[in-house]
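Have a look at the structure below before the remarks.
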2 protein chains.
Amino acid sequence: MLTKSSTELVRQQNSTLVLAALRRARNLSHTEISAATGLASATVSAITAELERAGVIAKAEQHVQGGRGRPRVLFTPRRDCGYVIVVRISSDVVQYSLTDYGGTLLDRFEEGRNHDQRGTAAFAQTFVDALERLLQRSRLTRDRVLAVSISSKGLVDADTGAARLLWSPVFGSEQLDFAALLAPDWRGEVMLNNETLLVAQALAAQAERAPEGGFRSLAAISLGHSIGLGVARKGRFGEMDVTAPNFGHMLHAPSAGLCRCGAYGCIEAAAGFYGILRAAFEVPPDTIPAKFVPIAEMDKIAASARQGHRMAGYAFRQAGLALGNGISRMLSLYERMPIYVTGPGTRYFDLLRGGLEEGVSQSLQLRLQGAPEISVVLDEQRLVFDGHLERALGVIDGDIAAAGQA
Amino acid sequence: MLTKSSTELVRQQNSTLVLAALRRARNLSHTEISAATGLASATVSAITAELERAGVIAKAEQHVQGGRGRPRVLFTPRRDCGYVIVVRISSDVVQYSLTDYGGTLLDRFEEGRNHDQRGTAAFAQTFVDALERLLQRSRLTRDRVLAVSISSKGLVDADTGAARLLWSPVFGSEQLDFAALLAPDWRGEVMLNNETLLVAQALAAQAERAPEGGFRSLAAISLGHSIGLGVARKGRFGEMDVTAPNFGHMLHAPSAGLCRCGAYGCIEAAAGFYGILRAAFEVPPDTIPAKFVPIAEMDKIAASARQGHRMAGYAFRQAGLALGNGISRMLSLYERMPIYVTGPGTRYFDLLRGGLEEGVSQSLQLRLQGAPEISVVLDEQRLVFDGHLERALGVIDGDIAAAGQA
DNA sequence: GGATTATTTCTCGACAGTCGAGAAAATCAG
DNA sequence: CTGATTTTCTCGACTGTCGAGAAATAATCC
């Protein structure tokens, strides 16, 4: 059931439009905003006046201009309008970052996670403490933080407003509800997203900004100890729809062996680092997976595979096959889209490629539409961070536009 | 990029809201419309007046009322406001139906399809002729037809506005563009949808009307000569998002053998009628699939399976396994949702169930959230027809609301 | 049977928003 | 200094929603 509309919602939508345009371009003049949004000049006046009154945007001091007529006055988001905390939880380290409303990094520190899993309760405490520390270092108060954006590998509650970690390689199925954790003291938005979802978000934002345009959809796959997938698609109303399906634990083939999650035959059980290790050393496939595989260990297997060692090569090939089959299945259910591969596993992409291409090539869809473009993108952590900001600042802009009414 | 909003769009949206409410309930009074849509009474007055002026709705003559005060006057969609043609293309027969704007069936006939495939060109001609015949029988002109809604099994161009059949069991990869076919003479909407998509649409509409409410998503699976899947999900803005992923030709396992589509290992190659037949008779799995399997033949295999014949039972079990694995993978990529099984293959559901449940039970997602409810729904053809109307009339209502502005 | 009451529909004025046109502002060229 | 040029700002017209209250109308009460 659609919901009723009103003139107030119109203003809200057009306000977010102006904020989005301003965010993309850093600063724009009155006429540029009008051109970018398609709104009439008078409407832009009304909206910018309101946003300026609310302290969200400001006119730039210097109207540097070489033009002929009246100098343009540039609007720009006010950095001090609020702040965003970004938390990246990975298996060995947790990174805390603070940025302003403009998205520039103000402070960052990391905290190691000791591997003797003390459970979620202890982590929750260090987490809250770290947030406080981040504020103190920059002399900020909690109410200046408009959003806390958290990422982890694993499965996240997809409901909007929820921030529950349902399953993760770090905490297993011990659930962790960040929204509840920060609920009483923090008034900002609390959001939790899968790491690879954020990669897809960042790549999609890049693609949409690109001049050639025409973006429809893409998928990001992260290779490492576990396997992540993010899918970004443009929805019916032009909005970006990003999801993180449970790709790593999608069924590949029962022969793939026991997975960390307890099931048999997951993609991860063949294509995750521990799966590759197991196959290379011919460990029985129902062996309980290694808790952690050092990258040096993987490098050694890769080196011997490149020197022609049979089982090592086979292990990577099987991993590629699992990924390829998974991608083929994923594309059957969605549509043809370019695939971007990230994560520490990309350094073995030369070894995976053969199996991957073979695995992908088995479907009607691909025969009709051709194989998808598969490319490697580096600097996954950077992309995750960009995805965090893209998402968090977008949500904040929405909140601001909505608050203008109240 | 979102698009700008305006007061006219507000009216458009609210008009569709009123039309949708009116369609669901057949007839509603002024106050009932107000309650159903959440719009203020004055707004309802304005919108109903406009729609009445446009000849889309009318006040019911008789204000039967036992109430106390001023009698309620009921609004109702005007049946003669326009007409819809529904075409169901199945492998052996094409059914043409005519309904009015209220969705009541006015006329229907079927035309057999001779199996000596004369190609799409010949079919296109008989198709256009049949539409003309449908009009003549009811003495209507083409411009009174607001939509032609066509369904077939197979893969359909998902772009809005397009009506191209990309691949189908009937015509193979010979494409057929219905929009182009009817473009010059017919001014109504031409839409083409996968058959099982329409089943999902109809079931979702039912579920949403149900009093308990809280509908999120569902999947419909059609079992028969080929395998169809439709997924209906409620989108971010409350709209119903229905898709028909290429489930039948998703990769199951290479061992499943040669599929009709030319690839190896599709779900259909194991779970379609010809796949079951092939397994039951131990025909080599790379045999070119039978063009058509009579249902009597399938019944015989089922009977012997029920009597304990080993290979027949195995064939159904393998089919169930292929379906179950496919569902498990599908749910990994989307979310947990109830599954509705339709189609002629449901009569063998007792034989499929074991393999199906085993096949479904292999994933992390299901361990976390429990197995999906799987139920059988009969009368697939009726559901397809309902889905046609649900969709076509919805689109027409949208067009009417949009036209009110112009 | 007439007054009352309950209920629904309709109408009016207030308010919010967008838009186009043109006035006002501000700079540069000559 | 004057005019050209470009940008910003403002005003009135238009569209739309909303709340309140008037108008309509049938059942009920006495």
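Letters A, B, ... are given to chains in the order of the sequence lines, protein chains preceding strands, and every chain is numbered from 1.
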Taking five pairs at each end, how big is the angle between the two axes of the helix from C:dG1-D:dC30 to C:dG30-D:dC1, to 10°? 30°

Find the distance [X]:[atom1] to [N]:[atom2] and express it as a whole number of Å.
{"X": "B:L17", "N": "D:dG16", "atom1": "CG", "atom2": "P", "answer": "16 Å"}
{"X": "A:L9", "N": "D:dC18", "atom1": "CG", "atom2": "P", "answer": "10 Å"}
{"X": "B:K59", "N": "C:dT8", "atom1": "NZ", "atom2": "C1'", "answer": "12 Å"}
{"X": "A:I33", "N": "C:dT18", "atom1": "CD1", "atom2": "P", "answer": "14 Å"}
{"X": "B:E8", "N": "D:dT15", "atom1": "CD", "atom2": "P", "answer": "8 Å"}
{"X": "B:I47", "N": "C:dT11", "atom1": "CD1", "atom2": "C1'", "answer": "16 Å"}
{"X": "B:E32", "N": "C:dT7", "atom1": "CD", "atom2": "P", "answer": "14 Å"}
{"X": "A:F75", "N": "D:dT7", "atom1": "CZ", "atom2": "C1'", "answer": "12 Å"}

Nearest heavy atoms of B:F215 and B:A207, plus distance in Å: CD1-CB, 3.6 Å

Write down the atom of A:A40, the atom of A:S34, and the distance for their closest heavy-atom approach. C-OG, 4.2 Å

Taking only side-chain nitrogens and oxygens of [X], does any of them come within less than 4.0 Å of OP1 or OP2 of [N]?
{"X": "B:K4", "N": "C:dG17", "value": "no"}
{"X": "B:T31", "N": "C:dT9", "value": "yes"}
{"X": "A:N14", "N": "C:dG17", "value": "no"}
{"X": "A:T43", "N": "C:dC19", "value": "yes"}

For B:A42 and A:S45, find the nucleotide of DNA chain D closest to each by heavy atoms; which residue's nucleotide sits nearer the 5' end? A:S45

5' priority, DNA chain D, between A:A46 and A:S6 [closest heavy atom]: A:A46

Suppose we screen for side chain to side chain contact (heavy atoms under 4.5 Å, CB included). Which residues come up paired with B:A58, at least two apart in sequence or across chains? B:R78

Holding to side chain to side chain contact (heavy atoms under 4.5 Å, CB included), I want the full list of residues that pass it with A:R236, two or more places apart in sequence or in another chain. B:E239, B:D241

Any donor-acceptor pair under 3.5 Å between the side chain of A:S41 and the base of C:dC19? no

Could you tell me which residues satisfy ring-ring contact (aromatic ring centres under 6.0 Å, His included) with B:F178, sequence neighbours excluded, listed by chain and number? B:F127

With a 4.5 Å cut-off on side-chain heavy atoms, are A:T48 and A:L51 touching? no

Between B:Y334 and A:Y334, how do the two ring planes meet: parallel, tilted or perpendicular, split at 30° and 60°? tilted

With sequence neighbours left out, the residues meeting side-chain hydrogen bond (donor to acceptor under 3.5 Å, both in side chains) with B:R164 are B:D157, B:Q175

Measure the spacing between CG of A:L218 and CG of A:L203 and express it to the nearest 0.5 Å. 6.0 Å

Return yes when atom CZ of A:R216 has more than 12 non-hydrogen atoms of other residues, nucleotides or ligands closer than 6.0 Å, and no otherwise. no

Could you go through nucleotides 1-6 of chain D and list every protein N or O atom that sits under 3.5 Å from one of its N or O atoms, giving the distance for each pair?
from, atom 1, to, atom 2, distance (Å)
D:dT6, O2, A:R70, N, 2.7

